[in-house]
J.: 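Have a look at this one.
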Amino acid sequence: MSLERAIEELIAREIETLGYELVKIESSFPGRRGILRIFIDRPDAPVTIDDCVRVTKSIALALDGVDAIPGPYNLEVSSPGSYRPLAKSAHYARFRGERARIAYLDDSGARLTVIGVIADADDAAVTIRAEDGVRAVPYERIIRANLQPDDGARPEARSARRDRRPKRRG
């Protein structure tokens with residue numbers, strides 16, 4: 001078993017023991033300090049900051065106990081948010097009827113993106129109903145996927161507006 005897989009299993013066990021769902025793990029170790037980002041969810045209520053703190057402490061202790069990650073890293077635990085990542089077939093089935101954005105590779109290896117409503121999800125693929133038709137996307141071809149709430153603004157547009165604050169004059 002690879003180190004990455006062993007870390008994922010350890011984290012999943014810790015999170016499930018605490019009563020949360022592991023949504024997704026993202027890791028990046030590009031330079032001196034890596035990042036281990038973990039998205040969690042609760043079956044009964046929205047994720048709070050207290051939930052994130054509780055999970056962070058538990059995971060930090062578990063990872064320190066096995067010295068699993070070489071070198072320094074930042075551990076980030078958060079809720080999946082309204083643009084929730086979709087990483088498992090069960091996620092697609094759970095959010096049937098919701099809008100999603102899926103980046104995937106087509107048969108020729110070209111990267112495509114589709115935005116549409118999740119019409120169906122089985123063990124092999126998710127079916128998306130988009131403006132230009134219905135298409136089935138096999139899970140193994142998906143690069144990245146997330147819910148795409150229809151609120152009129154893309155997440156990039158909202159963050160760009162936030163950054164347009166007037167500068168303070170000194």
J.: Within this structure, what is the CG-CD1 distance for the pair L147 and I118, rounded to the nearest 0.5 Å?
T.: 6.0 Å
J.: What pair of heavy atoms forms the shortest contact from P85 to V23, and how long is it?
T.: O-CG1, 3.7 Å
J.: Without placing hydrogens or testing angles, list every side-chain donor-acceptor pair under 3.5 Å for residues 129-136, not counting sequence neighbours.
T.:
{"from": "D132", "atom 1": "OD1", "to": "R135", "atom 2": "NH2", "distance (Å)": "2.7"}
{"from": "D132", "atom 1": "OD2", "to": "R135", "atom 2": "NH2", "distance (Å)": "2.6"}
{"from": "R135", "atom 1": "NH1", "to": "Y104", "atom 2": "OH", "distance (Å)": "3.2"}

J.: Kindly determine whether I142 and Y92 satisfy side chain to side chain contact (heavy atoms under 4.5 Å, CB included), including the steps that lead there.
T.: CA-CA 12 Å; I142 294 175; Y92 296 95; 3.4 Å; yes
J.: Which salt bridge (Lys or Arg N to Asp or Glu O under 4.0 Å) pairs, counting each pair once, include a residue from residues 117-127, with sequence neighbours left out?
T.: R96-D120
J.: Can you sort out the partners of T56 under side-chain contact (heavy atoms from CB on, under 4.5 Å), two or more places apart, ordered by chain and number?
T.: L75, V77
J.: How long is the span from the CG atom in D106 to the CG atom in L112, to the nearest 0.5 Å?
T.: 4.5 Å
J.: Quick one: closest heavy-atom pair of A93 and A121, and the distance?
T.: N-CB, 3.6 Å
J.: Test of understanding: with side chain to side chain donor-acceptor pair (under 3.5 Å), list the residues that count as partners of S58, not counting sequence neighbours.
T.: E14
J.: Rest of the hydrophobic cluster containing V117 (Ile/Leu/Val/Met/Phe/Trp/Tyr, side-chain heavy atoms under 4.5 Å)?
T.: none
J.: To the nearest 0.5 Å, tell me how far N74 CG sits from R33 CZ.
T.: 4.5 Å
J.: In terms of hydrophobic clusters joined by side-chain contacts under 4.5 Å, are I15 and V47 together?
T.: yes
J.: Please report the interatomic distance CZ(R144) to CZ(R101), rounded to the nearest 0.5 Å.
T.: 10.5 Å
J.: Which residues pass the salt bridge (Lys or Arg N to Asp or Glu O under 4.0 Å) test with D107, not counting sequence neighbours?
T.: R141
J.: Going through the distances and angles, do Y73 and L63 end up as a side chain to side chain contact (heavy atoms under 4.5 Å, CB included)?
T.: CA-CA 11 Å; Y73 65 94; L63 291 174; 3.5 Å; yes
J.: Considering all heavy atoms of both residues, which atom of S79 and which atom of C52 are nearest to each other, and what is their separation?
T.: N-SG, 4.1 Å
J.: Output all residues satisfying side chain to side chain donor-acceptor pair (under 3.5 Å) with T17, sequence neighbours left out; order by chain, then residue number.
T.: none
J.: Roughly how far, to the nearest 0.5 Å, is CG of L86 from CD1 of I102?
T.: 7.0 Å
J.: Under the ring pair (Phe, Tyr, Trp, His ring centres under 6.0 Å) test, which residues partner Y20, sequence neighbours left out?
T.: none
J.: Considering all heavy atoms of both residues, which atom of E140 and which atom of A124 are nearest to each other, and what is their separation?
T.: OE1-O, 4.4 Å
J.: Donor-acceptor pairs under 3.5 Å, side chain of residues 34-44 to any protein atom, not counting sequence neighbours: which ones?
T.:
{"from": "R37", "atom 1": "NE", "to": "E76", "atom 2": "OE1", "distance (Å)": "2.8"}
{"from": "R37", "atom 1": "NH1", "to": "E26", "atom 2": "OE1", "distance (Å)": "3.3"}
{"from": "R37", "atom 1": "NH2", "to": "E76", "atom 2": "OE1", "distance (Å)": "3.4"}
{"from": "D41", "atom 1": "OD2", "to": "R84", "atom 2": "NH1", "distance (Å)": "2.4"}
{"from": "D41", "atom 1": "OD2", "to": "R94", "atom 2": "NH2", "distance (Å)": "3.4"}
{"from": "R42", "atom 1": "NE", "to": "D44", "atom 2": "OD1", "distance (Å)": "3.1"}
{"from": "R42", "atom 1": "NH1", "to": "D51", "atom 2": "OD1", "distance (Å)": "3.4"}
{"from": "R42", "atom 1": "NH1", "to": "D51", "atom 2": "OD2", "distance (Å)": "3.2"}
{"from": "R42", "atom 1": "NH2", "to": "D44", "atom 2": "OD1", "distance (Å)": "3.3"}
{"from": "R42", "atom 1": "NH2", "to": "D44", "atom 2": "OD2", "distance (Å)": "3.1"}

J.: Taking the hydrophobic residues Ile, Leu, Val, Met, Phe, Trp and Tyr, and joining any pair whose side-chain heavy atoms are under 4.5 Å apart, which ones share a cluster with I143?
T.: L105
J.: Treat each ILVMFWY residue as a node, draw an edge where side-chain heavy atoms are under 4.5 Å apart, and state whether I7 and V55 are in one component.
T.: yes
J.: Is there a side-chain contact between E16 and L22 (heavy atoms, below 4.5 Å)?
T.: no
J.: Taking side-chain contact (heavy atoms from CB on, under 4.5 Å) as the definition, give me every residue that meets it alongside S89, ordered by chain and number, with sequence neighbours left out.
T.: Y139
